[in-house]
Amino acid sequence: MFVKKQEKKGGRYNSERDIIYTVKFLNDKAHIDFEDYKIEIEKKEFGIPFFWEQYFIVSNPNSKKVNIFSGANFVKNLSGFINRVNKEYLILSKKVGSNRSLNILNEDFNIIETFDNSWAQWFINADVFIFSEYRNLNTLKVYSFRTKSIVEITVPLEEWSSLDGEKNKNRIYQTIGQWKNELLVFIGKFKLISFDLETGKELWRLDDFLKEKSSNPIFDLPSRNMSGSVKWHLSASENKGYLLVQNCLFELDLNTKKSQLIKDYNESTEQEWYFKNSRLYDDCLTFSGANVLGKFPMVAGVIDRNTKEILWTIKCEPGIYFEEAPQIKDNKLYILDSSQTLRIFERELP
Amino acid sequence: MKNTLLLLFVTLIIRVSYGSSLLKIEEVSNTSFIENTKDQIEYLIKENSNKKQDEKWYIYLVGQPVDTLKYYIDKTTKEHFSTSYLKNLNDDLIKINALNNVAVYVAFTDYENKILTPILPEDVNTLNEAEIYINSLINTKSKDYTPNELVESKKHFNTFSKEFQDLIKQVFTEDLISKMGKPNIVLPFSSYSIRQVIQLNTVEYIEKEFFTYTFYTPKLDEAIDKEALKNIYVTTAPNVGLSEEEQIISRSIASIYRYFTEDITDYLRCRDLLVKYQNEAILNDFPEFATRPEANPCILNYVVPWGEDKEKSEWMSITEDLINIPLYAVMAIPLTSVAGVATVEELSRKQIEKACKAAAIEVFSQTLVNYWFEESVYSEIDSKMRWEKALLAVNKPEVFKETLKQFTEISTRNEVVFACLNKGVAYKNVDWENLDFEKASISFSLKDCGNNVLNYVFFEKIGGDAASYALKKMLTLIKSNPRTFVKVWRELLEDIGPDFRSAARVHTTDILKAINLKADIDVAVEKYIKSSFHVEDALDDAIKAYVKEVNGTANNLFENAIKDAAIETDLAIYEAHGVMMNGVGRKILKQGANVSLNFKVSGREVKIYATLLERLDDDSYRIVFVNQPSSGYGTVAEFINNTTKNRNVVLKALIDGEISFYPTAKGVNAGKLEIDGKEIEIAEIELRTQRSDGAFKKETIVSKRISNDVDGIYANIKKNLENPIDEAQWQKFKKDFHDVDELSRFAQEPGLVDSWRYIGELKPSGTSKLTQDVDFLQVVYRQRGNPDLINKIGSDKYDDIIKNYSGQCKGCDAPASSASEAVKHLPPHDEMLESLEAFTTKHHGKDGFDKVINYLKSTDPRKQKGAEFVTNALKRQDGVTAFEFKYLGDLDNTADFVLNGKNIDGKSWSVASSIDNIGNWNLSGQLKDYFKSDQVFEQWFDYSRFQKSANETYSSMSKTDAVEHIKKQYQKLFEKERNAQELFDYITDNGENIDKFEAIFGENISNVDDFIDDVISDLSNSDLYGFIKVK
């Protein structure tokens, strides 16, 4: 389905801009090449790179410094770091003394709102920014860009003991996203809870969205690994959620509030599949995973959303694995491996 | 008036919700079914016409011969029904049949009929819907079931709905109906059947028991108003019956009586209220509330406008929205201070009384629940204090909520609790207006209340109301302390009294389902709770009887110790890989309790009772005695000397080899194991003594052996040797073994001599005492006699393992002080080989198995220790897929084994020399890779290295302490700034993929400072240390 066209060491693909840029480190410098521009900054200041409006922004969490470029031209720097934005605003994290704050910046990079003693960022879209106070992750604060007000959501996180006395505490693993006026949150033990974004009240919940499979020990995932393996993709327009986990594809019907096993990929084929990371596209799902239980994600592929069949796969060389699921744009597929090489494929003509 | 044969099935209450076939159509001829049923009814009509009013009978059994009915009438105590249930139910029927306008005959069936059905969605809860659902599966060509199965299912449902109805029609001919002589004839049915539920994509079936309830009305003046009847049913309490099934029929009878005697126009008016309020907030905005008027629209009579001048609290606002008097009245109790006494006075006094009554009932019900299931209350030893703590723990918001529920429904539960409040409970100093119990005291007498109050509070409507206070408390206790839950459960069953105990047990499944164990607790806890319930159900009477026989009286402590022992065994059976390592390592297939065994001693039969009797996988049995916790008899010898006379005689005779190990099992409890009257083989007799932590010390009292005469034993052994032995060897053997107990084992199994020779040849010097370790020889003999096992390990490798193994045998001298820790910490040979056998049985054939064996046969004690740890830790472990697993392609990156997708390294490290040095090491590439890839990874540390450490600080550590100790060592490693930075940079690709880091640790960590401050420093909560396990 796809044929290999190119490999770029240090390559990164940005799907919104549909461009490839490369990052290379030489001595103490980081060299970033994209389109016809070349940027050089101190290696210690390199960190999270992203495109926003006409800017190319590099934010480093350790040096807490944000460098802003327009093309190759340096525009300004900010103290703090940024890793969440929507089309209008950027979220700047700052730490001054012991006070950690989250700050909303406008298009001129001016602070228009500050939330003191706040640190954890969960979710942002055009309507809301959701965050938590420092070390108080049970409470989600929903800031509305429209009303400038905050609604609090208290997420019920229980504790339990195993037979040998080991204490366990639940936690939030994923703020899945906004559906209508609801926030969908996935907490441990495979629970999904919907909260009203306006009142913060719980609306409904699914107690075990994997219940068709969760009696199988391979779904008994330890907490550290949960978010990596269980990540819902929300398709609000379809009123659906999709989850590719271990060897199974689950579908969540938001209208009926039910999750259902759609396909078990180890039931009908000789080849086993253990999915790790995934992305949702209009007509397909992409994934990285393994063919043997316990292996690092050394294979990646594409699943047809209509037929649910695996259309295409690729395998890594020994010693290397895929860190993410492939990205697809038009006729091209991009996938980054653990040696920081971007592999680029093109769709075969029928 | 409708005189036609109207076939109307009104589904009244649906416990399991959908119908079932009532009879085996294939096996019972239609003719005999109809004739038999008609005979019964005609018999009843005829008999009743000649009987006094209080002797008439209105219950019959469809399809059965009339003689069976006669039997039931004579023996109304058949085990399906509680004592006097049929008699009392019939008394109600006498009352209703005395009416001029209706005849009611009740039918019971108890065919153990099997009906096929696919798994139905929860919302499919009527027979018709079930049929429609199956049709839809057929039409959509469901891939989940085979077409044949679906067609078969449909056929079964048709059998019920068509053929059975036809049969019923034929029974109730015009002629028969006219003989009944009433304008209305109502015939309730209760049917019991066994349903086979088709599993998705398999040919396997689950069996479930189902009760269904239906009305058949062959003749009516005018059609029954179903909703009105349903409404009456909802508000009618059963007159008789213990189980839910019995109560439903009783409620049905009482409802029919009310329907034909009361004016139902009030209800019809109520129903109009539903229309009136259909677009109002009261029915639309409060789903929890809306279900109540739908069930009983008459409560809408109480809806009145709320005054303008009342203060607004949050509760008030809700009340205002609901504008509902019952809720308002309930609120009025604690809210007089907010709403004012005048407001309360405005209300109907009757309503307030009802609300107060409901609230008092709820407060007391909660107190009862707290008394048993609130952990802090249960731990109080003083009974009076315990009651007061239970009262103080009452949850006020729950009182309001539950009061509202109870207020609008009449239930037996409420009546029983209220009766108890009048008779057996006294409160002092309760501030009822504010529900303040701070200064209150309570006295309670279960005797005066009657133990039925416990039955109704804990077991009524278990399946119907999963959110009830009792269930919530049960779940909380299960989660916080499962062993205490089991203790509490036992105490409750004891307190509930014999009349209700069996009824309570019937609800066990419903309780487990309602608690929804699986959703909230650890799998091991779930298994433990289920096993405990199973043991309580299956063996309770036998154990109770046993304790009485042995002690002459009840002894809860002893009884509970036996049950705890039985739970452990049941867990082993449940998990299907329970290898009990107590000398004879065998799988247990089944267990019984209090089984009578007749041994022949000196020509006479001596009967003893086996406390527990376990069937082993070779069809021999193990007798288990449990030391009485308060007896103080710690040793086997003390037990033998102080046990019953018969046991003493039998045990001594067995030990002395005077009698055979083949007693005859007798009695009911033997029957449950299907060995009544049979001679069985006893493999061994074991004594279990419960330690303070709840676990058991297991000691063998005697296993199969013979004779006490040394020379006779020598002669016996030599005579029975399979392979000849030269005189020099024989003399050496005699030098090595002269103890009777040991020799009797050789006599029992002369092949042990071959093992002795084999070991002597493998280890000709240096470890001479190893050849004298009979436990070890026994294991070697058994294993070498198992060619399949030796083939799997490899004959040469097996030899090498024994040859090179550096552990010390049980009778051997302790290792020299200069020996390495690995040598000192290796377990004895027999234990190592037992683990190896179980490990091989479980895991042979899996990738990398041979590599583990190669490590074990190595000459390096450190490698031996590592492999020994892996074999021991995994010998019963399901889900292992590979060993020495290359997780990154064919490169040499390996994990020791893979368990359910988790890559795991076994770390049998010395505490002092290795674990305590972790902080000085470099970060391993493997650890970094795992964190970065977000792959599941664990390190399993060997607990025996702590236990066997010469340092008492380490040897006294619990597993939890050991985990904490290791965490601290890793913390030293991570908190070094260069390591923290290296790990942070590696995981985040120099800060580029910060989301990945957040995803792993869930803490929204965005830089290395936070990583150190919030993750590395947080030993108790951080996911960073989750990879550390101690096994």
Side-chain angles (χ1 to χ4, degrees), chain A residues 23 43 46-49 60-62 64 81 83 93 95 119-122 132 135 137 158-166 168-169 171-173 189 207-208 215 217-218 220-225 227-229 246 267 274 276 292-298 316-321 323 338 340, chain B residues 201 479-482 516 518-525 528 878-879 881-882 885-891 893 895 898 900-903 929 932-936 938 959-960 981 984 988-996 999-1004 1006-1010 1014 1021 1023-1024 1026-1027:
Chain A
V23 180
K43 184 181 173 186
F46 183 77
I48 305 164
N60 185 292
N62 287 324
K64 301 177 191 68
F81 82 99
N83 70 330
S93 304
K95 185 179 169 193
W119 202 238
Q121 303 173 44
W122 294 104
S132 291
R135 291 189 174 175
L137 300 175
E158 79 279 30
E159 292 186 12
W160 69 92
S161 303
S162 53
L163 195 56
D164 58 9
E166 193 179 346
N168 301 286
K169 187 166 192 276
R171 70 168 168 94
I172 299 169
Y173 284 100
K189 297 187 83 99
D207 267 343
D208 180 358
S215 59
I218 70 163
D220 179 21
L221 304 166
S223 56
R224 189 185 72 75
N225 193 251
S227 59
S229 292
Q246 293 290 24
E267 263 184 1
Y274 298 97
K276 192 76 184 162
V292 178
L293 193 58
K295 288 242 180 196
F296 276 43
M298 298 178 66
C316 269
E317 302 75 29
I320 298 171
Y321 56 92
E323 298 206 31
S338 60
Q340 301 303 308
Chain B
N201 288 318
K479 282 157 73 174
S480 67
N481 197 333
N516 195 9
K518 200 173 170 182
D520 277 318
I521 62 165
D522 195 88
V523 175
V525 175
Y528 175 75
D878 288 323
T881 48
F885 179 68
K886 293 184 174 178
Y887 55 79
L888 258 177
D890 299 327
L891 295 189
N893 307 68
V898 183
N900 294 325
K902 291 183 283 194
N903 289 341
D929 270 348
K932 186 180 182 187
S933 73
D934 201 12
Q935 193 84 351
V936 193
E938 287 175 0
K959 279 189 178 176
T960 312
Q981 185 74 56
F984 182 84
T988 63
D989 294 326
N990 297 312
E992 197 174 338
N993 285 313
I994 204 78
D995 282 354
K996 181 177 262 310
I1000 297 169
F1001 298 111
E1003 296 284 353
N1004 290 85
S1006 54
N1007 60 60
V1008 73
D1009 294 344
D1010 289 345
D1014 294 350
N1021 296 315
D1023 281 342
L1024 179 66
F1027 67 92

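All figures in this text were calculated on a predicted structure; none of them were measured in a lab. We name chains A, B, ... by the order of the sequence lines, and we start the count at 1 in each one.
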Between NZ of A:K276 and OG of B:S933, what distance do you get to the nearest 0.5 Å?
6.0 Å
Proximity breakdown for B:D929 and chain A, heavy-atom pairs closer than 4.5 Å:
both
Looking only at non-hydrogen atoms, find the nearest pair between A:F296 and B:N903 and report the distance.
CE1-ND2, 4.3 Å
Looking only at A:I320, A:I48, A:V23, most heavy-atom pairs under 4.5 Å shared with chain B are made by A:I48
With side chain to side chain contact (heavy atoms under 4.5 Å, CB included) as the criterion, how do B:K902 and A:L293 come out once you've worked through the C-alpha distance, each side chain's angles and the decisive distance to 0.1 Å?
CA-CA 8 Å; B:K902 291 183 283 194; A:L293 193 58; over 6 Å; no
Given a strict heavy-atom distance threshold of 4.5 Å, which part of B:V1008 is in contact with chain A: side chain, backbone, both, or neither?
both
Work out which heavy atom in A:M298 is nearest to a heavy atom in B:Y887; give both atom names and the distance.
SD-O, 4.1 Å
Measure across A:K295 and B:K886 and return the closest heavy-atom pair with its distance rounded to 0.1 Å.
NZ-O, 2.9 Å
Counting only non-hydrogen atoms closer than 4.5 Å, does A:E317 touch chain B with its backbone (N, CA, C, O), its side chain (CB onward), both, or neither?
neither
Honestly, the part of A:K95 sitting under 4.5 Å from a heavy atom of chain B is side chain
Scanning both residues in full, the closest heavy-atom pair of A:P297 with B:Q935 reads CD-OE1, 3.9 Å
For B:L888 and A:Y321 the tightest heavy-atom approach is CD2-CD2, 3.7 Å
